[in-house]
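Quantities reported herein were computed from a predicted structural model and do not represent experimental measurements. Note on naming: letters A, B, ... go to the chains in the order of the sequence lines (proteins, then strands), and numbering restarts at 1 for each one.
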There are 2 protein chains.
Amino acid sequence: MATTNQTGGSRHTKGGRMKATSSRRAQSARTELRLLRTACWLFSERGFHGTGIRDISEAAGVAVSAMYYYASSKDELLEAVTRRVMEVLAASSEETVRDIDDPAERLAALIAVHAAFHARNPRAAKVADHEFQALTGQARRDILRLRDAYEKVWADTLEAGVRAGVFTDRGNVARLALLQMATGIAHWYHPNGELDIARLCERFADMGLALMGASRDGRPLQVGDLRIPDSELLLQRVELSIEPRRKPTGV
Amino acid sequence: MATTNQTGGSRHTKGGRMKATSSRRAQSARTELRLLRTACWLFSERGFHGTGIRDISEAAGVAVSAMYYYASSKDELLEAVTRRVMEVLAASSEETVRDIDDPAERLAALIAVHAAFHARNPRAAKVADHEFQALTGQARRDILRLRDAYEKVWADTLEAGVRAGVFTDRGNVARLALLQMATGIAHWYHPNGELDIARLCERFADMGLALMGASRDGRPLQVGDLRIPDSELLLQRVELSIEPRRKPTGV
DNA sequence: CCTATTTGACCAAACGATCGATAGACTAAT
DNA sequence: ATTAGTCTATCGATCGTTTGGTCAAATAGG
């Protein structure tokens with residue numbers, strides 16, 4: 001244990017012409033990202049309060065104080081993770097929905113983005129869902145504002161659909177049910193399971209449309225009838241740099 | 001602060017004929033329940049690791065060591081809360097579903113029970129959902145076994161409905177989506193909101209049936225077409241003694 | 001019924017371990 | 001020569017848990 005960062009870049013200017021492995025700035029940026037990813041992993045696994053700063057720094061392979069060089073407190077790590085989740089989620093959905101007018105198509109797209117995000121970034125999503133309540137003060141208010149803005153896009157879409165007679169009016173509980181059922185993906189989805197992400201998004205969009213009683217000309221609407229974003233574009237839009245894609249090396 | 005239990009029962013046998021306020025056994029049982037409710041409240045509010053035993057005992061109005069008279073560790077409190085949640089949830093759903101054969105009716109009843117439980121016992125439900133992962137060893141395995149048994153009732157119902165041609169086949173993800181969307185109720189439902197519990201259960205059963213494409217003779221099925229449990233019976237079945245119905249007196 | 005004894009239900013105080021955070025030294029890249 | 005980045009070592013506070021006691025209700029003996 002206690003394998004730390006002792007700046008071991010294999011480089012030597014003296015004599016040999018070997019170029020630097022990477023600049024100091026790049027090394028530093030990589031360390032910071034590694035810390036965020038490690039914190040994200042551990043927060044999702046053990047919860048914010050169940051994770052110590054020693055757990056984080058050891059798993060990231062740096063000393064405790066190195067962590068404090070990048071973040072001024074443990075809370076700031078949580079805030080960083082949560083904020084990035086909300087920002088990417090909001091940006092990707094707004095971008096996807098921007099040029100869609102039809103409410104059913106909008107809803108299908110929103111569900112697809114939401115599902116893709118939670119399937120692709122389960123750890124970060126879980127942290128943002130469960131642990132953000134550990135935030136206090138301004139940080140908490142900021143996150144809540146972001147979340148409210150995100151949910152408003154859903155609310156507007158559902159309202160428009162109801163007004164247009166495309167959706168059954170199920171009140172505000174429908175929005176919460178739809179969001180919740182797709183958010184849950186982060187808890188159980190595994191890429192090696194019965195569905196790849198593209199099919200998962202399709203399936204969930206179908207379920208969401210059915211739940212809202214989406215219909216056109218008296219006929220129930222399915223995803224097949226609609227134009228939904230290409231799955232590669234989807235995955236690119238929900239990409240989240242701080243999502244840990246493998247277990248941190250130090251446990 | 002530090003208002004403790006100093007056995008203050010206002011009673012005196014000498015002279016007056018005043019009867020004992022309550023037996024020692026009853027007092028003790030009430031203290032134990034108060035501790036469980038307080039722990040449940042705080043776990044749901046701050047998480048298991050975010051709650052200290054001093055927080056619990058102070059909020060319950062007893063000394064720290066009094067808590068250890070009833071529970072041998074903090075983990076045991078969490079286990080007690082979680083186990084009771086799973087037991088009541090499993091018992092109430094099995095009892096409700098016992099004499100229903102029709103898959104659509106079964107699903108509607110399952111959703112209604114699940115929704116009622118989470119609306120009526122939101123704090124305990126949140127603890128069982130989020131914090132049970134803090135459990136380890138045998139306690140964790142026990143809880144998982146209970147949860148799996150509960151989910152199996154859902155899986156069987158959905159399978160039966162698909163086989164009977166009543167439901168659209170949406171695979172295992174449908175079960176998870178249905179459960180998740182109703183579990184989320186614990187996070188947002190408030191009895192003074194737009195729906196009382198009876199209407200909430202109806203609404204969710206409707207959404208669940210729609211999600212599964214439930215139909216009979218080519219016509220979509222709604223709750224109105226089905227026999228679902230009376231709401232009073234429902235509420236009685238999901239009653240959970242350890243759900244804290246008011247904020248503990250000490251914070 | 002009265003009294004002596006046991007015991008159930010608590011309390012205050014303290015334990016070592018771990019917590020988040022800081023101080024100050026060191027090192028290698030600029 | 002400077003400084004960005006990391007180290008080791010340590011801080012006081014708080015953590016979950018235990019110890020040793022107190023006191024009144026319950027129980028037993030007369």
Quickly work out the [X] [atom1] to [N] [atom2] distance and round it to whole Å.
X       : N      : atom1 : atom2 : answer
A/Asp55 : C/dC19 : CG    : P     : 6 Å
A/Arg30 : D/dT6  : CZ    : C1'   : 16 Å
A/Met67 : C/dC19 : CE    : P     : 13 Å
B/Ile53 : C/dA17 : CD1   : C1'   : 13 Å
B/Tyr68 : C/dA13 : OH    : P     : 19 Å
B/Glu76 : D/dT17 : CD    : P     : 10 Å
B/Lys74 : D/dT18 : NZ    : P     : 14 Å

To the side chain of B/Ala63, which of D/dA26, C/dA21, C/dA12 is closest? C/dA12
A/Arg54 side-chain proximity, nearest of D/dT17, C/dT22, C/dG20: C/dG20
Indicate whether the side chain of B/Asn121 and that of B/Arg245 have a donor and an acceptor atom separated by less than 3.5 Å. yes
Side chains of B/His114 and B/Ser93 only: does a donor on one sit below 3.5 Å from an acceptor on the other? no
Could you run down the sub-3.5 Å N/O contacts of the protein with nucleotides 19-22 of chain D?
none

Pairs under 3.5 Å (N/O, protein and nucleotides 2-9 of chain C):
residue	atom	partner	partner atom	Å
C/dG8	O4'	B/Arg24	NH2	2.9
C/dG8	N3	B/Arg24	NH1	3.0
C/dA9	OP1	B/Ser28	OG	3.3
C/dA9	OP2	B/Tyr69	OH	2.6

Inter-residue atom distance [X].[atom1] - [Y].[atom2], 0.5 Å rounding:
X        : Y        : atom1 : atom2 : answer
A/Arg237 : A/Leu233 : CZ    : CG    : 4.0 Å
B/Phe204 : B/Leu110 : CZ    : CG    : 15.0 Å
B/Leu36  : B/Thr31  : CG    : OG1   : 11.5 Å
A/Ile185 : A/Lys126 : CD1   : NZ    : 13.5 Å
A/Leu146 : A/Glu151 : CG    : CD    : 12.0 Å

Mapping B/Ser72 and A/Val64 to their closest nucleotides on DNA chain D, which lands nearer the 5' end? A/Val64
Within 45 degrees of the ring normal and closer than 6.0 Å to the centroid, is that where the cationic atom of A/Arg123 sits relative to A/Trp41? yes
Can you pull the ring pair (Phe, Tyr, Trp, His ring centres under 6.0 Å) pairs that have at least one residue in residues 53-86 of chain B, sequence neighbours excluded? none
Going by number, which of residues 42-50 of chain B have a non-hydrogen atom under 4.0 Å from DNA chain D? none
Would you call [X] and [Y] a salt bridge, taking side-chain N to carboxylate O under 4.0 Å as the test?
X        : Y        : answer
A/Glu243 : A/Arg37  : no
B/Asp156 : B/Lys152 : yes
A/Glu58  : A/Arg54  : no

Relative orientation of the end axes in the helix from C/dC1-D/dG30 to C/dT30-D/dA1, expressed as an angle to the nearest 10° (five pairs per end): 10°
Side-chain donor or acceptor of B/Thr38 paired with backbone N/O of B/Arg34 under 3.5 Å: yes
What's A/Thr51 touching, base or sugar-phosphate or nothing? Going by heavy atoms closer than 4.0 Å. sugar-phosphate
Which side-chain N or O atoms in residues 130-139 of chain B pair as donor and acceptor under 3.5 Å with protein atoms at least two apart or in another chain?
residue	atom	partner	partner atom	Å
B/His130	NE2	B/His187	NE2	2.9
B/Glu131	OE1	B/Phe48	N	3.1
B/Gln138	OE1	B/Arg141	NE	3.4
B/Gln138	OE1	B/Arg141	NH2	3.3
B/Gln138	NE2	B/Asp142	OD1	2.9

